[in-house]
Participant: 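Below is the structure I would like to discuss, written out as structure tokens.
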Amino acid sequence: MDLLSIKNLEIEFPSRRGTVVAVNDVNLTVQPGEVLGVVGESGAGKSTIGNAVIGLLEPPGRMSGGEVYLKGEQINNLSSEEKRKIRGRRIGMIFQDPLTSLDPLQTVEQQLVETIELHLKLGEAKAKERAIDLLHQVGIPNPELRVKHYPHQFSGGMRQRVVIALALCAEPEVIIADEPTTALDVSIQAQILELMRKLCQEKQVGMLIITHDMGVIADITDRVAVMYRGNLVEEGTTQKILGNPDHPYTKSLISAVPRPDIRLKRFPMVDYIEKEEDRKKLLDISTHWLGQARDFDAVEGPLVEVEDLVMTFVTKPAFLKKNRQTFNAVNGVSFEIRQGEVFGLVGESGSGKSTVARMISGLYKPAKGAVKFGGTNLTEIKSEKELDYFRRQMQMIFQDPFSSLNGRMRVMDIVAEPIRFHKLTSSNAETEGIVMDLLEHVGLGRQAAVRFPHEFSGGQRQRISIARALATRPRFLICDEPTSALDVSIQAQILNLLKDLQEELGLTMLFISHDLPVIRQMCDRVGVMKMGELVEVTETEKLFTAPEAPYSQELLSLMPKLDNLSQQGLQVEGA
Amino acid sequence: MVSFLFKRLLQSFVVMITVALIAFSMFRFVGDPINNMVGQDTTQQEREELREKLGLNDPFLVQFGRFTLNAAQGDFGLSYKYRVPVSEMIFERMPATLELAFVSAIIALFFGIPLGVYTALKRKGILSKFIMTMSLVGVSLPTFLTGILLILLFGVMLRWLPTFGRGDVIEIGSWTTGFLTVSGLKSLILPSITLALFQLTLIMRLVRAEMLEVLRTDFVKFAKARGLPDRAVHFKHALKNTLVPVITITGLQLGSLIAFAIITESVFQWPGMGLMFIQAISDVDIPVMAAYLVLIAFFFVVINMIVDLLYYAVDPRLRADNE
Amino acid sequence: ETFKYAFQGSLSSLDPHSLNETFLLGTLGNIYEGLVIYDENLTVTPGLAESWEIVEPTKWKFNLRKGVKFHNGNDFTAEDVVFSWQRALSEGSDQKVRAAKIKNIEVVDDHTIIIETPAPNPILTSDLYFVYMMDKTWSEENNTTEATSPSADTTGNFANLNANGTGPFKVTEHKADVKTTFERHADYWGNMKSNVTRIEFTPIKEAATRVAALISGELDLVYPVPVQDWQRLDDAAGVKSLAGPEARTIFLGMDQGRDELLYSNIKGKNPFKDIRVRQAMAHGINLEAIKQKVMRGASTPAGLMVAPQINGFVAELNTPYAYDPKKSKELLAEAGYPDGFEVTLDCPNNRYVNDEKICQAVVSMLAKVGVKVDLLAQPKSKYFGKILATGGFDTSFYMLGWTPGTVDSENAMSSLLACQNAETKVGLFNLGNYCNPRVDELTAKVGSETDQDARNAMIKEAFQIVKDEVGYLPIHQQPLSWGVRDGVSVVQRADNILDFRNVVVGK
Amino acid sequence: MEKTIEKTRFERFLDSDVWHSFKSSPVAIISSLVTLIMILAALFAPYIAPHDPFDLVSIDIMDSNLPPAWQEFGEARFLLGTDDQGRDILSTIMYGARISLFVGFASVIFSMVVGITLGLISGYAGGRVDAFIMRVADIQLSFPAILIALLIDGVARGIVPKELHEELSIYVLIFAIGISGWVQYARTVRGSTLVERNKEYVQAARVIGIRPGTILRRHILPNVMGPVMVIATIHLAIAIITEATLSFLGVGVPPTTPSLGTLIRIGNEYLFSGEWWITIFPGITLVILVLAVNLLGDWLRDALNPKLR
Ligand SMILES: Nc1ncnc2c1ncn2[C@@H]1O[C@H](COP(=O)(O)OP(=O)(O)OP(=O)(O)O)[C@@H](O)[C@H]1O
Ligand SMILES: Nc1ncnc2c1ncn2[C@@H]1O[C@H](COP(=O)(O)OP(=O)(O)OP(=O)(O)O)[C@@H](O)[C@H]1O
Ligand SMILES: [Mg+2]
Ligand SMILES: [Mg+2]
């Protein structure tokens with residue numbers, strides 16, 4: 001008997017403007033002890049399937065056809081109370097968006113203990129013990145202390161691990177993991193994958209894992225299903241899919257996987273197009289709006305300099321200052337980014353990468369140290385007007401696409417906002433034209449403009465975020481894991497666009513990522529962070545060939561190798 | 001935190017002084033106190049003398065200065081009308097008002113929150129639509145009308161409940177309480193319902209509005225995905241996330257219940273501070289008004305301070321901003 | 001027997017010299033007593049003085065009652081009379097006007113005194129009713145030899161919250177504005193009808209609540225009851241309304257002093273100075289309609305400034321001006337205002353029975369003859385602050401009600417009819433400054449004439465003049481309106497005072 | 001899609017989600033219809049009301065306290081009966097509603113604007129600005145509308161010439177009611193702003209360089225409007241009633257031109273005597289109005305929330 005089986009699943013989102021069929025006639029099965037990988041285009045309907053299985057489709061979404069069986073028992077037509085009993089206990093779910101999946105007002109401990117007590121019927125003390133143990137298992141350092149913290153005190157990757165711990169805590173029979181490792185560094189990722197694998201093997205748990213990371217697919221899955229536009233286009237053993245795909249879409253996907261071993265000038269891309277009108281226009285930056293009118297002052301020396309940055313968080317507020325517990329998330333970080341350079345920042349999850357990015361963009365005020373832009377110390381500028389000039393040159397793509405978009409604005413207004421604000425166009429019609437164009441270039445299509453953020457998949461939202469960042473025609477772009485939620489082919493497309501911008505216009509970037517192959521392809525120099533400190537800053541190639549710091553060496557050794565990847569149709573440009 | 005409290009305390013003095021200042025500039029618009037202090041036979045000259053003696057002819061800054069100086073020494077003067085120390089009067093009235101405000105706040109919260117949650121969950125249900133509509137009938141009828149209608153129904157027609165006053169009270173130290181006698185408790189019912197009706201509707205609607213938003217968030221979905229029972233999802237996770245506006249409004253409403261439950265107190269002849277205050281206004285009893293307003297300012301500062309502290313207690317994200 | 005009642009206002013003090021207010025004095029009249037008291041019909045009868053005689057025009061001899069005991073057991077003596085008089089004259093006292101009618105008191109013996117007045121005073125006894133007798137010893141012991149003054153220091157006055165009189169009831173508990181409890185004084189000197197042993201008084205501000213409390217059986221008596229609720233009371237089981245005429249006359253006053261009206265569109269002259277305009281006003285108001293509709297038939301339309309209970313009342317002058325809008329318009333046209341004129345009517349809205357409603361009705365009646373009246377209705381504290389001397393008589397048309405405290409026309413004449421005169425302190429409530437030298441003269445004479453017939457003739461002459469000149473626009477004597485439980489018998493005195501002596505509670 | 005750019009505003013509106021949600025919500029349609037009818041009836045009272053109750057010449061005290069036409073003693077002239085001065089209740093409701101609606105809406109809008117603005121600034125700026133605004137709010141809270149009305153009325157009467165007093169009184173009312181209501185909004189908005197301002201979408205806007213003012217208006221405001229709408233719609237009833245209370249103090253409209261609230265207050269005195277129609281009919285009118293406005297507000301709040309569609 002199949003552990004989990006999905007038959008002819010069909011899901012649609014009806015709306016006034018027509019019905020979006022998100023999933024169309026999909027059949028999947030998971031056996032006990034088996035790991036099924038689901039890959040596919042961003043927006044293909046992968047998360048929707050996961051939601052449907054546990055019966056938490058968001059309205060107006062509804063299952064318009066098909067059945068779901070758990071151990072032969074049909075579960076999609078159960079009463080809501082019976083469904084609830086299955087959730088968490090028998091089917092564990094890890095949602096795609098770790099940053100918003102946790103209740104902001106309760107400590108991690110409260111949320112863990114509550115779930116453990118409910119499902120395992122343990123006493124409070126036991127449950128607490130188990131909570132700490134779980135955190136330990138998912139690689140949260142210092143779990144005894146951390147367990148008392150609130151979600152906002154965790155980094156993106158750490159929250160993701162808490163979510164995993166929550167999903168695993170009742171030892172369910174089936175685990176549905178929606179991009180569980182996107183925000184994790186390779187070592188933690190390896191640890192988590194190991195944990196999951198062990199669960200599957202020892203407890204005969206079945207797992208459905210949705211991911212864009214071919215490394216993860218190669219590492220953990222037994223079988224792989226490939227989705228495209230709501231349809232299941234191909235299914236087979238991992239070996240088969242990665243090594244010898246049949247469907248042209250799968251082929252195009254595999255070809256776009258960034259190579260960890262050598263640096264290519266551009267990301268290889270094989271466009272898979274069903275319909276001719278979907279073909280993306282090639283973009284000529286020299287004539288395109290994005291490339292025009294850059295009136296920035298020339299800068300001598302490095303564009304961005306970061307000097308001895310320190311960021312202190314209060315982790316336990318207290319009545320008196322001396323009883324307060326504080327913690328330096330970033331501790332004495334200095335580096336510089338030259339003009340036209342892409343500076344990579346890698347490192348342990350929770351090591352302070354996002355915090356550095358936020359300090360540079362002015363969102364956090366450093367406790368100590370200085371951020372200089374073109375020689376000007378930004379931390380000292382007081383007047384808004386003056387800062388404006390620099391802000392226009394600087395943009396940021398946030399790590400979490402779910403919360404960085406205002407849910408009450410339409411995509412059109414979100415992307416147009418920076419253009420309108422900086423008065424980069426002369427008419428509204430022009431602005432709207434540019435926004436449409438940008439949306440197309442990030443692969444969303446024009447019809448996205450009138451929708452609201454919550455109507456999009458994770459990857460699609462990330463693309464909105466990217467379009468918004470590009471809309472100001474920035475000189476310096478801070479990218480906090482810009483593409484981790486994207487499928488590799490879209491990723492390639494966007495990274496190529498960034499590369500073009502960099503080459504033609506000298507766009508400077510701070511590029512934070514856990515994806516080492518991407519780092520290798522994108523960055524000129526890399527800084528490696530661990531526990532709030534910069535342990536190594538070096539040329540990218542040097543890092544990959546001869547890492548110096550022990551931590552760097554460890555990181556690289558854990559990088560998935562993807563040896564057996566199909567290399568069909570892949571032409572190596574430059575190198 | 002200590003410095004937070006200290007700062008607030010300091011600010012509260014400024015607030016109270018400002019209130020006194022505004023109050024003094026206001027009093028001459030309320031009417032002439034003399035007419036309420038003497039009979040109609042009293043001669044004009046005597047009236048003038050009295051004005052002079054009371055310092056009513058002094059420039060208002062002088063009057064204000066005198067008030068602040070005396071107040072600083074704990075002396076708020078004598079009520080013009082009752083000729084007893086104002087502070088005594090206020091403290092005598094305080095228990096009645098506080099008990100009433102407390103009971104109605106409890107009623108409002110006790111019913112308002114669950115009903116708000118219910119109507120949010122069953123947004124389209126018939127019952128919740130009915131509740132939403134009925135709650136409005138309660139607020140759109142003026143308090144004096146609902147009060148009288150309640151009296152008519154329960155006091156006059158059914159004769160179940162007393163129509164006025166506090167019933168028998170028991171003195172515990174300097175506090176008088178109606179909680180310990182049957183007639184005291186019975187007397188509480190109608191006025192507290194009258195007062196609570198409005199608060200209840202407001203809280204219920206606020207909770208509903210906020211719940212609707214929160215119920216769509218990812219963490220609620222994840223809580224459901226973990227299999228948590230509905231009660232935990234709705235009350236522990238969702239509800240808690242709606243609390244900031246609810247706390248704000250509850251705080252403000254509690255403040256105004258304590259300070260200005262004027263109409264309810266008059267309709268039920270509830271011997272509380274609101275009634276005293278409205279009487280003081282109509283009698284132009286300046287010392288009572290002045291002391292009372294300053295006291296109320298203090299109340300509000302304290303209540304709002306508690307509200308702000310509750311924000312921190314409820315929402316850890318705000319704690320980092322503290323200071 | 002216990003008797004519970006409610007009134008709209010509160011008992012602000014227990015000090016008999018603190019505030020000259022009908023309700024306060026009326027209530028304290030059950031605790032304290034003066035040398036004389038009023039009976040059911042407002043006739044002066046012996047109180048703490050058994051008898052008196054006028055020995056000289058300015059000297060009265062009073063024989064004090066013997067064996068009278070204060071509530072604390074002390075005896076009442078002549079000493080106490082002197083003390084009380086002096087106390088009434090003290091700084092904080094609001095009885096100074098009455099006390100000043102006495103120049104000196106000579107103690108003949110413990111129970112005989114001679115009171116000397118500054119001038120012959122035919123109505124001295126009426127003034128003495130409200131000068132209540134306090135116990136000298138008690139007052140000295142408790143350091144309350146002066147009246148409670150609103151301007152005193154924080155140290156409260158003992159007599160303000162405690163009482164010790166000779167009256168039939170003593171105070172056992174007093175919470176100002178909340179509740180006052182009385183108990184029977186066992187050693188009371190007099191005989192009284194009342195069988196009540198305990199009385200509870202609660203102020204209830206809202207009329208509806210008061211009425212509800214009566215109907216629901218929680219109270220035995222409430223007053224005032226809105227006139228429109230009488231029917232309801234009479235229909236309800238176990239309660240009834242108790243109505244009667246009050247000695248208060250409600251009237252409108254017109255500014256006849258200023259050369260230009262305030263708040264008017266007529267500039268440079270004062271229409272009210274023209275008698276034709278005043279007549280037009282008088283004929284333009286339908287008093288019968290006000291009685292029928294606003295007062296539910298309960299008032300007595302008036303043509304005179306004093307009520308029948310008041311000494312000096314002239315029945316034939318009490319016929320109101322006839323309602324004749326046509327004539328009214330003609331008169332206005334004659335006076336040069338064919339299109340009428342504008343004026344603002346100042347009106348209280350919580351002082352007299354249906355005050356605001358009467359004003360509204362008047363405004364609409366006058367509109368029909370062409371006088372456009374804007375109505376400014378305000379609560380009494382703002383209202384009196386505006387229209388009285390303290391507000392600079394800031395009005396050109398106003399409503400006022402007057403009960404002569406002495407139950408004598410002289411009081412109305414000197415307050416309302418005499419020309420405003422700050423020095424002689426007359427006419428101070430003559431807010432519109434109606435002024436006629438003959439009336440002035442008569443007022444002065446009436447004040448000292450001891451021959452009743454001559455006096456009444458003078459009063460009549462004065463009233464006749466005022467009536468002819470339309471100095472005021474009397475409206476009606478307002479009704480007293482109480483509600484009582486069946487089985488409770490009380491006497492409704494025309495001065496709206498509840499005398500506990502007359503309260504009998506049946507089954 | 002290119003066409004959207006050329007669409008007129010009206011076309012865009014017809015195409016908007018709000019309009020579509022409106023069309024498909026019977027509650028919204030009915031409640032907006034009711035509100036509209038009431039507003040129109042008030043606006044055009046002089047043309048459609050059977051009598052002019054504010055014209056003193058036309059009312060007659062002898063017609064007072066007549067019951068509704070269908071009752072014994074009722075007269076056909078006065079469908080819903082008359083009040084204590086002989087005014088036709090139906091007409092007085094229409095005329096009175098003009099005052100009440102104007103005062104109600106104007107004062108609620110006034111306090112909303114002031115309160116929201118200050119609340120946003122306070123919550124966003126924090127620190128001293130916040131402390132200052134919130135302490136001003138505390139001061140404000142200490143004064144009930146009654147006192148504020150008396151103060152403003154006094155001051156206004158002092159500085160404005162006497163002829164203008166009557167026109168002025170209604171603005172005094174609006175100002176007094178409005179000013180005593182803003183704190184509710186300010187504190188609510190501030191509380192929510194404190195929470196919202198740290199969210200990432202706000203930070204994203206900050207990184208773009210958007211001015212705090214614009215961030216507050218475009219980003220935070222829509223996200224904190226939920227509770228504001230709840231309070232505002234309920235406040236409408238309060239404002240209308242407060243107007244009646246204040247008019248009693250002599251600061252508002254004169255008794256010869258009663259508003260809806262005043263009519264209810266006056267009628268209240270006749271409840272015991274059985275003349276229920278004086279208070280009940282205007283009371284029902286007020287209840288219906290408040291109901292309609294609130295239901296409309298509920299609907300609008302849901303309709304403006306993209307996630308609830
Ligand atoms: N509430 C909604 N209303 C309308 N369309 C929706 C809604 N939610 C999702 N969709 C659409 O459904 C499709 C599938 O979304 P889903 O989140 O399942 O994608 P996904 O495969 O998980 O993508 P990603 O890899 O980017 O997370 C998308 O095209 C999305 O636009
Ligand atoms: N508001 C906060 N209060 C307390 N601690 C915080 C806060 N924000 C971040 N931290 C802590 O600071 C550290 C660095 O966080 P940061 O988000 O910069 O990590 P990161 O390197 O971006 O990690 P990831 O790759 O997982 O996103 C973490 O340990 C986190 O727990
Ligand atoms: Mg997804
Ligand atoms: Mg991060």
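Naming convention: chains lettered A, B, ... in sequence-line order (proteins, then strands); numbering from 1 in each chain.
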Participant: Are side-chain heavy atoms of Val156(B) and Arg232(C) found at a separation under 4.5 Å?
Facilitator: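 They are in contact (side-chain heavy atoms under 4.5 Å apart), so the answer is yes.
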Participant: Please determine whether a side-chain nitrogen of the Lys or Arg among Asp177(C) and Arg93(B) lies less than 4.0 Å from a carboxylate oxygen of the Asp or Glu.
Facilitator: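 A salt bridge is present here (some side-chain N lies under 4.0 Å from a carboxylate O).
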Participant: Is the shortest heavy-atom distance from the side chain of Ser12(C) to the side chain of Arg83(B) under 4.5 Å?
Facilitator: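 Side chain of Ser12(C) against side chain of Arg83(B), heavy atoms only: no contact under 4.5 Å found.
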Participant: Is there a donor-acceptor pair closer than 3.5 Å between any side-chain N or O of Gln269(B) and the backbone N or O of Pro203(C)?
Facilitator: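 Yes, the answer is positive, given that a donor and an acceptor are paired below the 3.5 Å cut-off.
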Participant: Who among Asp32(B), Ile281(B), Leu275(B) has the most heavy-atom pairs with chain C under 4.5 Å?
Facilitator: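 The residue among Asp32(B), Ile281(B), Leu275(B) with the greatest pair count is Asp32(B).
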Participant: Considering only heavy atoms, which portion of Ile204(C) lies under 4.5 Å from any heavy atom of chain B: side chain, backbone, both, or neither?
Facilitator: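 When you check distances to chain B, atoms from both the backbone and side chain of Ile204(C) fall under 4.5 Å.
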Participant: Heavy-atom distance under 4.5 Å to chain C: side chain of Glu88(B), backbone, both or neither?
Facilitator: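 For Glu88(B), no heavy atom lies under 4.5 Å from chain C.
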Participant: Can you say whether Thr403(C) sits under 4.5 Å from chain B via the side chain, the backbone, both, or neither, judging by heavy atoms?
Facilitator: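 Backbone only.
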Participant: Under 4.5 Å heavy-atom distance to chain B, tell me which part of Asn411(C) shows up: side chain, backbone, both or neither.
Facilitator: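 Just the side chain, heavy atoms under 4.5 Å.
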Participant: Is it the case that over 12 heavy atoms from other parts of the model lie below 6.0 angstrom from the CZ atom of Phe60(B)?
Facilitator: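 Counting neighbours around CZ of Phe60(B), more than 12 heavy atoms of other residues, nucleotides or ligands fall under 6.0 Å, so yes.
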Participant: Most heavy-atom pairs under 4.5 angstrom with chain B, which of Glu21(C), Lys175(C), Lys380(C), Lys386(C)?
Facilitator: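 Winner by heavy-atom pair count: Lys175(C).
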Participant: Could you list which of residues 162-179 of chain B have a heavy atom closer than 4.5 Å to any heavy atom of chain C, in residue-number order?
Facilitator: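 The list, in residue order, reads Pro162(B), Thr163(B), Phe164(B), Glu171(B).
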Participant: With a 4.5 angstrom heavy-atom cut-off, which part of Thr202(C) approaches chain B: side chain, backbone, both or neither?
Facilitator: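 Side chain only.
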Participant: For Ile215(C) and Arg159(B), run side chain to side chain contact (heavy atoms under 4.5 Å, CB included): C-alpha distance rounded to whole Å, both residues' side-chain angles, the deciding distance at 0.1 Å, then the answer.
Facilitator: CA-CA 10 Å; Ile215(C) 300 178; Arg159(B) 307 218 174 167; 4.1 Å; yes
Participant: Tell me which of these, Tyr383(C), Trp402(C), Phe429(C), has more heavy-atom pairs under 4.5 Å with chain B than the rest.
Facilitator: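 The option with the most such pairs is Trp402(C).
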Participant: Using only heavy-atom distances, determine whether the side chains of Lys382(C) and Ser282(B) contain a donor-acceptor pair under 3.5 Å.
Facilitator: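 No, no side-chain donor-acceptor contact under 3.5 Å.
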Participant: Please rank Ser266(B), Gly55(B), Ala96(B), Pro287(B) by heavy-atom pairs under 4.5 Å with chain C and give me the top one.
Facilitator: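 Sorted descending by pairs with chain C, the first entry is Ser266(B).
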Participant: Can you tell which of Thr22(C), Leu219(C), Asp15(C) has the highest number of heavy-atom pairs within less than 4.5 Å of chain B?
Facilitator: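 When all of Thr22(C), Leu219(C), Asp15(C) are compared, Leu219(C) has the most.
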Participant: Is there a side-chain contact between Leu428(C) and Arg47(B), using heavy atoms and a 4.5 Å cut-off?
Facilitator: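 SC-SC contact between Leu428(C) and Arg47(B) ruled out.
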Participant: From Leu161(C) CG over to Tyr82(B) OH, what is the distance, rounded to the nearest 0.5 angstrom?
Facilitator: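 Those atoms lie 12.0 Å apart.
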Participant: Counting only non-hydrogen atoms closer than 4.5 Å, does Ser18(C) touch chain B with its backbone (N, CA, C, O), its side chain (CB onward), both, or neither?
Facilitator: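 It is both, since atoms from each part get that close.
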Participant: Counting only heavy atoms not in Lys96(C) (residues, nucleotides, ligands), do more than 12 fall under 6.0 Å from its NZ?
Facilitator: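 Check passes, neighbour count above 12.
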Participant: Using non-hydrogen atoms and a limit below 4.5 Å, what part of residues 142-154 of chain B faces chain C?
Facilitator: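 Within residues 142-154 of chain B, the residues that come under 4.5 Å of chain C (heavy atoms only) are Ile148(B), Ile151(B), Leu152(B).
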Participant: Out of Gln95(C), Lys205(C), Glu218(C), Glu206(C), which one racks up the most heavy-atom pairs below 4.5 Å with chain B?
Facilitator: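 The option with the most such pairs is Glu218(C).
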Participant: Apply the test side-chain hydrogen bond (donor to acceptor under 3.5 Å, both in side chains) to residues Lys81(B) and Ser10(C): give CA-CA distance (whole Å), side-chain angles for both, the deciding distance (0.1 Å), then the verdict.
Facilitator: CA-CA 10 Å; Lys81(B) 179 162 186 200; Ser10(C) 56; 3.3 Å; yes
Participant: Given that the side chain runs from C-beta out, which part of Arg210(C) has a heavy atom under 4.5 Å from chain B: side chain, backbone, both or neither?
Facilitator: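 It is neither, since no heavy atom gets under 4.5 Å.
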Participant: Taking atom CG of Asn143(C) as the centre, does the number of heavy atoms from other residues, nucleotides or ligands within less than 6.0 Å exceed 12?
Facilitator: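 No, CG of Asn143(C) has 12 or fewer neighbouring heavy atoms, counting only those of other groups under 6.0 Å.
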Participant: Which bit of Leu11(C) is near chain B, if near means a heavy-atom gap under 4.5 Å: side chain, backbone, both or neither?
Facilitator: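 Looking at Leu11(C), just its backbone touches chain B.
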